Amino acid sequence: MKGGVLVSIGALLLGLLLAALDQTIVSTALPTIVSDLGGLNHLSWVVTAYLLASTAATPLWGKLGDQYGRKKLFQTAIVIFLIGSALCGMAQNMPQLIAFRALQGLGGGGLIVLSMAIVGDIVSPRERGKYQGLFGAVFGASSVLGPLLGGLFTEHLSWRWVFYINLPVGIVALAVIATVLRIPVRSREHTIDYLGTFLIASVATCLVLVASLGGSTWAWDSPQIIGLAVLGAVLGVAFVAVERRAAEPVLPLKLFGIRTFTLAAVISFIVGFAMFGAMTYLPTFLQVVQGVSPTMSGVHMLPMVAGLLISSTVSGQIVSRTGRWKVFPIAGTGVTALGLLLLHQLDVDSSTGEMSAYFLVFGLGLGLVMQVLVLIVQNAVSYEDLGVATSGATFFRSIGASFGVAIFGTVFASRLGSELTAALSGQQLPPRLGVDALESDPKTIAELPPALRPPAVEAYATSITDVFLYAAPVALAGFVLAWFLREDRLRGSVTAPDVTQTLASNPVERSSYDEVCRALSVLGTREGRREIYEKITERAGYDLLPAASWLLLRIRRYGWAEPGVLAEYSAVPLHVIIAASRQVEERHLAVREGLDLVLTDQGREAAEKLAKAREESLAELLGDWWGPDRPTDLVRLVAELNAEMCGSDEERPHDGSVPKPAGRVRLSKGA
């Protein structure tokens with residue numbers, strides 16, 4: 001079973017890697033794609049189409065998986081993603097590529113949400129933390145590898161391989177899932193909010209279209225833009241009406257009555273806006289203005305990713321240990337605004353060191369705020385809204401990303417046209433070297449007369465860096481809003497989210513039960529178990545080794561324990577078990593019957609106190625969620641963790657079989 005779980009986890013990680021990579025791998029290939037297919041003014045939609053489709057589809061994937069089985073749904077998501085990837089690689093023009101990216105995003109949303117949900121099906125709550133770390137590592141790796149691989153494929157093969165590379169990896173994942181993955185049947189009936197999902201996706205699409213087409217393709221006062229804005233407003237009103245009556249709303253409106261959630265949602269929108277907008281246009285700046293290769297443009301972006309990962313990890317750890325969090329969204333939005341202003345200072349003559357420093361500052365700012373936003377939302381809502389509030393926070397970041405890429409694209413396209421016109425005014429150039437041609441294909445700059453190339457490159461530099469200037473006030477608005485967050489006391493069960501939640505742009509659909517499992521998964525680590533047993537022992541009023549308390553609770557559960565066998569079959573080292581055995585014997589809490597240890601009357605009393613202390617400690621970790629009206633699934637989770645902390649799931653020999661204590665022949669005292 002253990003080997004099967006590991007192989008299944010590996011296949012899930014492959015599926016997740018595909019979806020995570022496709023959020024970033026395209027960025028360094030975009031300038032080359034535009035040169036090949038044309039349509040620089042539609043460049044942003046290559047990213048936006050994927051983000052919008054995956055964001056809208058995620059809640060549906062999560063609930064359909066609950067109803068119809070996650071294995072089949074995960075396989076379906078892989079197939080949709082692979083079909084979209086193959087079609088993207090064969091696209092002959094920009095509209096085709098955008099449409100196929102949307103199809104790919106539809107599958108990508110399923111890959112992200114279902115891969116995480118399946119882990120909950122095949123791994124016990126106590127062990128999930130270990131595997132969630134792997135999923136976080138995949139997201140961290142994809143944010144680094146995406147730009148690098150995109151540049152490598154573009155430079156040495158073709159930009160089409162950015163999409164074709166998904167096919168062999170996806171087929172392997174599909175084959176492994178089909179043959180190895182075995183998921184227990186745990187279907188749950190849902191009333192799926194299809195209409196609400198459709199309406200919120202439609203509202204987002206209308207608003208993104210207004211942002212991306214207004215002032216460029218159509219004038220702001222044109223019938224098309226006004227019509228889209230009115231349609232978006234009408235659909236928004238319809239969405240509110242539908243969500244008020246929906247049995248399981250995709251985004252419960254009552255959450256907006258919680259000030260912390262509303263502020264965090266707006267700040268999440270701003271973070272997504274800044275992050276993905278910048279990540280989309282920085283490779284264009286590096287390749288066109290600085291003249292670096294697609295591969296090296298990925299390398300140049302590593303300081304930004306490093307800053308993001310470092311600050312998000314450090315801030316999360318500090319919050320978990322101190323319980324203080326308000327400083328991080330304030331500092332994060334402030335540093336992000338500073339980073340955008342620094343990016344505005346870049347020009348043709350900027351050195352590699354200067355660019356790296358500015359990228360690092362921008363990444364540090366994003367990381368400081370991204371990790372904490374999910375945490376403070378979880379801290380602000382009631383237990384039954386925990387899962388949907390978590391997905392809501394990342395939903396607004398996804399929508400912000402879509403808006404950021406679209407609006408950055410509009411500003412860039414409009415500024416580029418005017419800057420190129422000013423740079424080339426009075427010059428007699430053939431149509432193939434005119435402003436329209438330079439806008440459609442940056443590589444055309446190389447065909448200009450030598451005297452005109454610097455002004456054209458400067459026009460690109462100014463257009464891209466002005467985008468960062470216009471984004472800075474948005475980040476400053478987030479800075480102002482962050483001051484209005486109320487720093488409520490942090491629940492014991494709320495811990496720093498894993499990197500998956502920090503970097504994923506998709507609003508991962510988890511239940512409240514799943515979220516508490518994730519928060520309490522620290523108990524699955526050796527350090528976490530040791531710490532909880534130290535607290536249990538202190539609460540029960542004993543001066544015992546943590547392992548001695550663990551041993552007493554094991555004997556209480558099974559009636560006996562043989563230290564040598566326990567060391568062989570458990571994760572606890574032999575010398576720790578020997579020390580614990582010696583202590584419980586010296587304190588007359590247990591006595592030997594042959595090779596076995598059994599409890600004395602004094603030991604039974606101690607074990608009962610320890611068991612009560614353990615349940616109280618778990619309940620304390622759950623904070624006010626463990627109230628008089630606590631849900632049955634929360635009671636079940638505490639019972640599961642209680643049982644697991646006795647070591648029942650640890651007792652697996654190296655060959656994977658499970659020992660059967662109940663079947664062992666034991667001699668009574670009189671034998």
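Everything numeric here is computed off the predicted structure, so don't read it as measured data.
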Residue pair Leu149, Phe153: steps toward the side-chain contact (heavy atoms from CB on, under 4.5 Å) verdict: CA-CA 6 Å; Leu149 291 176; Phe153 291 142; 4.1 Å; yes
For the residue pair [X] and [Y], establish whether any side-chain heavy-atom pair is separated by less than 4.5 Å.
X	Y	value
Leu343	Phe285	no
Leu97	Asn93	no
Leu286	Met355	yes
Phe269	Phe403	yes
Met94	Ile98	yes
Leu282	Phe468	yes
Ile225	Ser222	yes
Gln104	Ile83	no

Is a side-chain N or O of [X] found less than 3.5 angstrom from the main chain of [Y], in a donor-acceptor match?
X	Y	result
Arg160	Gly89	yes
Arg397	Ile267	no
Gln96	Gln92	yes
Ser293	Met296	yes
Tyr50	Gly105	no

[X] versus [Y], closest heavy-atom pair with distance:
X	Y	result
Gly236	Val203	N-CG2, 3.4 Å
Ala274	Thr336	CB-CG2, 4.2 Å
Leu103	Ile80	O-CG2, 3.6 Å
Gly363	Ser311	O-OG, 3.8 Å
Ala91	Phe100	CB-CD1, 4.2 Å

In Å, rounded to the nearest 0.5 Å, how long is the span from [atom1] of [X] to [atom2] of [Y]?
X	Y	atom1	atom2	value
Leu231	Cys206	CG	SG	4.0 Å
Phe239	Leu199	CZ	CG	7.5 Å
Thr465	Leu340	OG1	CG	12.0 Å
Arg101	Leu106	CZ	CG	13.0 Å
Asn166	Cys88	CG	SG	9.0 Å
Leu195	Ser202	CG	OG	9.0 Å

- request: Would you please test Phe273 and Phe408 for ring pair (Phe, Tyr, Trp, His ring centres under 6.0 Å) and show each step?
  value: CA-CA 9 Å; Phe273 184 101; Phe408 277 37; 5.5 Å; yes
message: Would you say OH of Tyr164 has more than 12 non-hydrogen atoms from neighbouring residues, nucleotides or ligands within 6.0 angstrom?
response: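 Yes, OH of Tyr164 has more than 12 neighbouring heavy atoms, counting only those of other groups under 6.0 Å.
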task: Classify the angle between the aromatic ring planes of Phe412 and Tyr460 as parallel (below 30°), tilted (30 to 60°) or perpendicular (above 60°).
output: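 The arrangement is tilted - the two ring planes meet at 30° to 60°.
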- prompt: Which class fits the ring pair Phe396 and Phe261: parallel under 30°, tilted 30 to 60°, perpendicular over 60°?
  reply: perpendicular
